[in-house]
2 protein chains.
Amino acid sequence: MVRLSKKVEYGLIAIRHIAAHAGNDIVTAKEISDKYGIPYDLLAKVLQRLSKANLIVSHQGVRGGYSLALDPRTVHISTIIHAIEGTAPVIARCLADGPASCEVFDACTIKSPLTKVQANIEQAFGTMTLAEIV
Amino acid sequence: MVRLSKKVEYGLIAIRHIAAHAGNDIVTAKEISDKYGIPYDLLAKVLQRLSKANLIVSHQGVRGGYSLALDPRTVHISTIIHAIEGTAPVIARCLADGPASCEVFDACTIKSPLTKVQANIEQAFGTMTLAEIV
DNA sequence: GGTAAATCGGACTTAATTGGTCGTACATCG
DNA sequence: CGATGTACGACCAATTAAGTCCGATTTACC
């Protein structure tokens with residue numbers, strides 16, 4: 001199936017929400033969880049990953065929460081996906097990492113054509129920025 | 001994860017192989033299974049789906065096998081994916097079927113922006129034809 | 001007609017991934 | 001200190017993907 005995981009969906013909703021509240025106060029995980037009906041613990045983990053990837057900054061303690069780390073115009077959707085899933089969105093196993101990643105390898109006849117499709121998809125995710133979805 | 005399933009990978013490899021042998025003889029599932037190291041039973045089912053979708057024609061019996069049903073220039077990659085997976089490649093649950101398909105619905109703030117990405121991806125899979133990967 | 005080679009198709013099992021939960025530790029403000 | 005927040009790893013549950021099995025059917029050829 002070619003589908004974003006729920007984590008990514010949650011992450012996009014969350015970071016969009018944070019971006020929409022930039023300038024004002026910082027946003028807590030609970031706030032987002034309540035507003036969008038997202039399981040709190042799961043959302044927390046997603047936010048942690050976004051924080052680790054320096055897309056958002058976390059503020060611990062009593063008036064803590066999250067705020068945007070960068071200019072939303074510089075944050076691409078593909079970057080967000082990569083931060084949450086740990087890998088870039090790649091449609092086939094062939095195209096993943098090193099050259100030995102394709103099991104069939106020499107028998108894999110679809111690798112090269114899929115590279116084109118891959119490039120298109122990368123562009124689809126890579127040209128849209130956070131600023132465009134706020 | 002945004003990734004094609006193995007079934008789709010197998011299907012693409014298989015239909016490409018069949019297309020590459022068009023004109024000559026028909027190709028058996030075992031032949032493909034052997035050549036590319038694909039589990040026979042699984043491949044057989046994938047081929048059945050392609051056959052049901054009228055992308056390939058099956059010939060039963062002793063000298064049976066599969067051959068291409070259509071002009072490869074008219075067979076789009078998205079059609080092949082759809083035939084195998086049963087659904088078109090859709091990146092988010094929001095975008096799937098009816099209007100009630102998005103659980104969060106009114107809270108889902110990313111639906112409309114993702115539609116653009118979706119359109120790009122549809123185009124990526126929809127413009128490339130079987131003829132281009134042979 | 002019998003047999004072997006092929007597809008057909010459903011039921012089933014297993015493996016992998018995803019989704020979600022829990023518990024505890026740490027930070028910070030008042 | 002205590003309330004309110006994040007940090008993080010371990011864990012369990014649910015779903016989906018991947019693969020297997022087995023009997024049925026079709027058909028060419030001897």
Side-chain angles (χ1 to χ4, degrees), chain A residues 1-11 13-14 18 25-34 36-67 69 81 84-87 89-93 96 103-104, chain B residues 1-11 13-14 18 25-34 36-67 69 81 84-87 89-93 96 103-104:
Chain A
M1 191 69 65
V2 185
R3 180 163 295 186
L4 299 176
S5 67
K6 280 202 174 180
K7 280 178 195 165
V8 169
E9 289 184 10
Y10 295 161
I13 291 175
I18 293 170
D25 38 16
I26 61 186
V27 182
T28 70
K30 184 165 191 319
E31 200 177 318
I32 299 175
S33 160
D34 284 348
Y36 301 101
I38 300 172
Y40 175 83
D41 289 302
L42 190 51
L43 175 63
K45 237 189 305 192
V46 171
L47 289 170
Q48 280 164 35
R49 293 194 193 172
L50 292 176
S51 161
K52 262 194 168 178
N54 297 314
L55 299 179
I56 58 179
V57 247
S58 70
H59 308 272
Q60 290 199 340
V62 119
R63 288 231 163 265
Y66 296 94
S67 59
I81 297 177
I84 297 172
E85 303 224 317
T87 61
V90 167
I91 57 167
R93 292 158 182 78
E103 301 144 18
V104 272
Chain B
M1 191 70 64
V2 185
R3 181 162 294 184
L4 299 176
S5 67
K6 282 204 173 181
K7 279 179 197 164
V8 169
E9 287 184 11
Y10 294 161
I13 291 175
I18 294 170
D25 38 14
I26 60 185
V27 181
T28 70
K30 182 165 192 323
E31 200 176 318
I32 299 174
S33 159
D34 284 348
Y36 301 101
I38 300 172
Y40 175 84
D41 289 302
L42 191 51
L43 175 64
K45 239 188 300 194
V46 170
L47 289 170
Q48 280 165 34
R49 292 195 194 173
L50 292 175
S51 160
K52 263 195 165 178
N54 296 314
L55 299 180
I56 58 179
V57 237
S58 72
H59 308 270
Q60 290 200 338
V62 110
R63 289 229 163 265
Y66 296 94
S67 57
I81 297 178
I84 296 172
E85 303 227 318
T87 61
V90 167
I91 58 167
R93 291 159 182 81
E103 301 143 19
V104 274

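Predicted model, so just to flag it, every value in this text is computed and none were measured.
- A straight line from CG of A:L47 to C1' of D:dG5 spans 12 Å, rounded to a whole angstrom.
- One can place CZ of A:R49 at 13 Å from C1' of D:dA7, the figure rounded to the nearest angstrom.
- With rounding to the nearest 0.5 angstrom, the CD1 atom of A:I13 is 5.0 Å from the CD1 atom of A:I38.
- Here B:A44 lies out of heavy-atom contact (under 4.0 Å) with every strand.
- In this structure, the nucleotide among D:dA18, C:dC8, C:dC22 sitting nearest to the side chain of A:D41 is C:dC22.
- In this structure, OH of B:Y10 is placed 14 Å from P of D:dA17, rounded to the nearest angstrom.
- An OP1 or OP2 oxygen of D:dA18 is reached within less than 4.0 angstrom by a side-chain nitrogen or oxygen of A:R93.
- OP1 or OP2 of D:dT6 lies within a sub-4.0 Å distance of a side-chain N or O belonging to A:Y40.
- Atom NZ in A:K7 sits 12.0 Å away from atom CG in A:L50 (nearest 0.5 Å).
- Whole-Å rounding puts the B:K7 NZ to D:dT20 P distance at 13 Å.
- Atom CZ of A:R63 and atom NE2 of A:H59 lie 13.5 Å apart (nearest 0.5 Å).
- For A:Y66 and D:dG5, the shortest distance from a side-chain N or O to OP1 or OP2 is not below 4.0 Å.
- A straight line from CD1 of B:I38 to P of D:dG19 spans 10 Å, rounded to a whole angstrom.
- Closest to the A:T28 side chain, of the nucleotides D:dT6, C:dC8, C:dG19, is D:dT6.
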Taking only nitrogen or oxygen atoms into account, show me every contact under 3.5 Å that the protein makes with nucleotides 27-30 of chain C, one pair per line with its distance.
{"from": "C:dA27", "atom 1": "O4'", "to": "A:Q60", "atom 2": "OE1", "distance (Å)": "2.5"}
{"from": "C:dT28", "atom 1": "O2", "to": "A:V62", "atom 2": "N", "distance (Å)": "3.2"}

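- When distances are taken from the side chain of A:S5 to each of D:dC8, D:dG5, C:dG19, the shortest belongs to C:dG19.
- The CG-P distance, from B:L42 to C:dC8, rounds to 15 Å in whole Å.
- Following rounding to the nearest Å, B:I18 (CD1) and C:dA6 (P) show an atom-to-atom distance of 14 Å.
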Practice item. Let me have a per-nucleotide readout for nucleotides 10-16 of chain C, 5' to 3', with B, S or -, counting only protein heavy atoms under 4.0 Å. Key: -B-----
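- Looking at heavy atoms from C-beta onward, B:L4 lies in side-chain contact with B:I81 at the 4.5 angstrom threshold.
- Between A:D34 and A:K30, at least one side-chain nitrogen of the basic residue sits less than 4.0 Å from a carboxylate oxygen of the acidic one, meeting the salt-bridge criterion.
- Distance check: B:L47 CG to B:Y10 OH gives 12.5 Å after rounding to the nearest 0.5 Å.
- Looking only at distances, a side-chain donor or acceptor of A:R49 sits under 3.5 Å from a matching main-chain atom of A:I84.
- With salt bridges taken as basic N to acidic carboxylate O contacts below 4.0 Å, one links A:E9 and B:R93.
- Between the side chain of B:T28 and the main chain of B:G65, no donor-acceptor pair closer than 3.5 Å is present.
- Checking side-chain atoms of A:S58 against main-chain N and O of A:Y66 turns up no donor-acceptor pair under 3.5 Å.
- Between the CZ atom of A:R3 and the P atom of D:dT16 there is a distance of 9 Å, rounded to whole Å.
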